[in-house]
Amino acid sequence: MFKKYFILAFCVSLFVACQQNNELKTAEYSDVINKEFTGNLAFETTSFVEKYWRVVGNTGFNKSVHFIAEQLEKDGYVLEEKATEKDKLTYRIEKRPLKRPTWESVDATVTINGEKAPLLAHATNRNMIALNSYSTPKNGVTAEVIYIKDLKKLKTTNVKGKIVFAETSPGRIFKIALDGGAVGVITYSNPAYLQPEKNTTSIQFRSVPLDSVHKSWGIALSFAAKERLKSALSKGKVSLNVQIETKIYKSEELTIVADVKGSEQPKKRLVFSAHIQEPGANDNATGVGVALEMAAVTAKLVKEGKINPKRTLTFLWGDEIVSTGRYVKEDSIRAKDIVWGISLDMVGEDTEKTGGTFLIEKMPDPSAIWTRGNDKHTEWGGRKLKAKDLKPHYLNDFVIEKFKAQGKRANWVVNTNPYEGGSDHVPFLRGNIPSVLFWHFTDQFYHTDNDRIDKVSKSTLKNVGTAALISAFELINADANTAKKVLKNIENAAITRLNEELKQGKLAMEKGEDVKTQVEIVTAWEDWYVKAAATTSDMVSDVSLIQSDIEKVQAVIKEKAANINLSLSK
């Protein structure tokens, strides 16, 4: 009997050893993930999702959610309500009634009376109908156009029974125009970074307030349509026929969440968030696609025994900021265990077509207060932060290092920008959860109806997904050894930054700026990196394992900052 138990125990231990031997080492992540993450599923998903003008609760949004669910099932994820404790791969679809009706565009044409060719047609400009617009009668509305050049005069201008045309956003004039008896509004407001005189057919999507009383509408113009309308107006009175078909109906909000359960600390997690809504390909069908292929590759490696995550890896798809905000806020216990949050937004661009570059938007560091040297805000822009807004953490430099390594491997350009906000990293940061944004800017087709699949690069999808997954695997499997490597990275990054601030400080003083400000900047960066070093404690269960390493790195940073401040003060 004893012999049988001995043989059984030996076989079990041998099986476990084999499984452990099959598990990838950290140094192997890059080679394996670069092989497994092809970009094919990400591109296929992007192609499916971008076909639809997606608003929470509408047909395209919901079809995208079910596409994700079907793929997760294929990859081995089990619906939570059917899952057992043994299932490491699970997903759920959360359903909530929408407080407001959803909306979708169907068709539209705008024609100048007396002209054969439409001024605009939905088939080629699917952003022409302002979100929340109602349908016109079947044969449309025909009315005179009145051009309001000075918006201050709109309230005192007789617009009753007319179409108001202005060069501004439709939401800005919608209520005033309707209160004056206008039948609808037509506007133009493409910003300069879209290069409208080059991309003459682009329309950046716009919205108007949902008005169930007037049940009116707004139309957004391309540069070409705006110029054509103004030319017609310069010759005299102009009437337009506007035909719009939309759907406005009650619906529900769907959010889909997939989990790869951690084996040692399952409550601790890294969350990737990718929003579904918005009508474009790059924004944000690409984020949806990259997250889905990341989930697929992870499932494959887990099933093969190559990855056994210590902490949970979560993928969340839903309504931008709203779904992520709810995930952070609705369960305070869960929120405390979210160790990292990352937003995937506009992550697949063919930059030769769109312009700009891939960017890591850093969580708030001193570059968001003092933006100088190689740090530059994008054309999207951001408000200047204050010291109280800063969020010291190693995550910035950690992901920058991983993405730069992928950039070097794939000959792919990776840059950074100071914190600006506006995507799914914001709710994480508001919840005091370390978070960064992966994105692209400037994009000359941003939020326009020319943001289509031809502007998407499969190789970019692959590079972003690969680097993101390498980062994720290292974080969810982090231990004392990982923390020590990260501390070395922090030390190197701090020294590089402090040397740069010495250079920038001297240049600033040559231009007449005071020493006090330069010392303040250096001290802010010193404080940032000293505190960032301490945050590596979230990688270990017992901080004593790395406490001496933290203190050594902090001492190096403090000494370096003191020497630089001394140099600046001479």
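- Side-chain atoms of Asn40 and Lys462 include no donor-acceptor pair closer than 3.5 Å.
- Without hydrogens or angle criteria, Glu293 side chain to Ala42 main chain gives a donor-acceptor distance under 3.5 Å.
- The side chain to side chain contact (heavy atoms under 4.5 Å, CB included) test with Leu221 is passed by exactly one of Leu229, Thr187, Asn125, Ile203: Leu229.
- Atom OH of Tyr91 sits about 12.0 Å away from atom OH of Tyr77, to the nearest 0.5 Å.
- When all heavy atoms of Trp317 and Ala258 are compared, the closest pair comes out as CZ3-CB, 4.1 Å.
- With respect to the salt-bridge test (charged N to carboxylate O, under 4.0 angstrom), the residues Lys175 and Asp179 qualify.
- Side-chain atoms of Tyr249 and Glu104 form a donor-acceptor pair, as typed in the model, at a separation below 3.5 Å.
- Using modelled atom types and a 3.5 Å distance limit, the side chains of Thr324 and Ser273 yield a donor-acceptor pair.
- By the salt bridge (Lys or Arg N to Asp or Glu O under 4.0 Å) test, Glu252 pairs with no residue at all, sequence neighbours left out.
- For the residue pair Ser202/Asn450, the side-chain donor-acceptor check at 3.5 Å is satisfied.
- Judged by distance alone, with hydrogens and angles left aside, the side-chain atoms of Arg54 form no donor-acceptor pair with the main-chain N or O of Ser64 at under 3.5 Å.
- Counting all heavy atoms, side chain and backbone alike, Trp340 lies closest to Leu395 at CD1-CD1, 4.2 Å.
- With hydrogens and angles ignored, the 3.5 Å screen pairs no side-chain donor or acceptor of Asp375 with any backbone N or O of Ser367.
- How far CG of Leu240 is from CD1 of Ile186: 5.0 Å, rounded to the nearest 0.5 Å.
- Ion pairing between Arg100 and Glu253 fails under the 4.0 Å rule for side-chain N and carboxylate O.
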Inset, instruction - Assess whether side-chain hydrogen bond (donor to acceptor under 3.5 Å, both in side chains) is satisfied between Trp380 and Asn417, documenting all intermediate values. - result: CA-CA 11 Å; Trp380 202 87; Asn417 68 279; over 6 Å; no

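- Atom-to-atom distance recorded for Asp350:CG and Thr460:OG1 is 6.5 Å, nearest 0.5 angstrom.
- Here the CD1-OG1 distance, from Ile453 to Thr286, works out to 9.0 Å after rounding to the nearest 0.5 Å.
- In this structure, a donor-acceptor pair under 3.5 Å is absent between the side chains of His122 and Thr109.
- Residues Thr84 and Asp87 have side chains that bring a donor and an acceptor to within less than 3.5 angstrom of each other.
- Closest of all the heavy-atom pairs between Asp443 and Asn282 is OD2-CB, 4.5 Å.
- With Thr45 contributing its side chain and Leu41 its backbone, the two residues share a donor-acceptor pair below 3.5 Å.
- Rounded to the nearest 0.5 Å, atoms CG (Asn190) and CD (Gln444) are 12.0 Å apart.
- Between Tyr193 and Tyr446, the ring-plane angle classifies as tilted under the 30° and 60° cut-offs.
- Closest approach of His425 and Val436 over heavy atoms only: CB-O, 3.8 Å.
- A donor-acceptor pair shorter than 3.5 Å cannot be found between the side chains of Glu278 and Asn284.
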Inset, instruction - Evaluate the criterion side chain to side chain contact (heavy atoms under 4.5 Å, CB included) for residue pair Val185 and Ile219; output intermediate values, then yes/no. - result: CA-CA 6 Å; Val185 301; Ile219 291 288; over 6 Å; no

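- When every heavy atom of His440 is checked against every heavy atom of Met346, the shortest pair comes out as ND1-O, 2.9 Å.
- Although no hydrogens or angles enter the test, the distance criterion places no donor-acceptor pair under 3.5 Å between the side chain of Thr351 and the main chain of Thr354.
- For the pair Asp337 and Lys268, the salt-bridge criterion is met [side-chain N within less than 4.0 Å of a carboxylate O].
- A salt bridge is defined here as a Lys NZ or Arg NE, NH1 or NH2 lying under 4.0 Å from an Asp or Glu carboxylate O, and Arg334 with Glu330 meets this definition.
- Counted by atom type alone, Ser343 and Ser423 present one or more donor-acceptor pairs between their side chains at under 3.5 Å.
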Inset, instruction - Start with the C-alpha gap between Ser105 and Arg126, add the side-chain angles, then the distance that decides, and say whether side-chain hydrogen bond (donor to acceptor under 3.5 Å, both in side chains) holds. - result: CA-CA 8 Å; Ser105 61; Arg126 68 179 189 170; over 6 Å; no

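- Side chains of Asp259 and Thr312: a donor-acceptor N/O pair is absent below 3.5 angstrom, by distance only.
- Looking only at atom types and distance, the side chain of His393 has no donor-acceptor partner in the side chain of Asp365 under 3.5 Å away.
- Contact annotation: the side chain of Tyr134 never approaches that of Glu245 to less than 4.5 Å [non-hydrogen atoms, C-beta and beyond].
- Glu94 and Arg92 are joined by a salt bridge, as a carboxylate oxygen and a charged side-chain nitrogen come within less than 4.0 angstrom of each other.
- Using a 4.0 Å cut-off between charged nitrogen and carboxylate oxygen, Lys261 and Glu85 count as a salt-bridge pair.
- Under the 6.0 Å distance and 45° angle rule, Lys455 counts as a cation-pi partner of Phe445.
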Legend entry - Pair Ile148-Ile146, side chain to side chain contact (heavy atoms under 4.5 Å, CB included): steps then yes or no: CA-CA 6 Å; Ile148 305 295; Ile146 183 166; 4.3 Å; yes

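- In this structure, Phe358 CZ and Ser457 OG are separated by 12.5 Å, a value rounded to the nearest 0.5 Å.
- Under the 6.0 Å distance and 45° angle rule, Lys362 does not count as a cation-pi partner of Tyr419.
- Side-chain contact check for Glu420 and Thr378: at least one donor-acceptor pair (N or O, by modelled atom type) lies under 3.5 Å.
- With hydrogens and angles left out, the side-chain atoms of Thr111 and Asn241 include no donor and acceptor closer than 3.5 Å.
- In this structure, Gly57 and Ser251 approach most closely via the heavy-atom pair O-OG, 2.7 Å.
- The ring-ring contact (aromatic ring centres under 6.0 Å, His included) search around Phe205 returns Trp53, His447, not counting sequence neighbours.
- A salt bridge does not link Glu70 to Lys63: none of the charged side-chain nitrogens sits closer than 4.0 Å to a carboxylate oxygen.
- With sequence neighbours excluded, the residues forming a side chain to side chain donor-acceptor pair (under 3.5 Å) with Tyr327 are Arg269, listed by chain and number.
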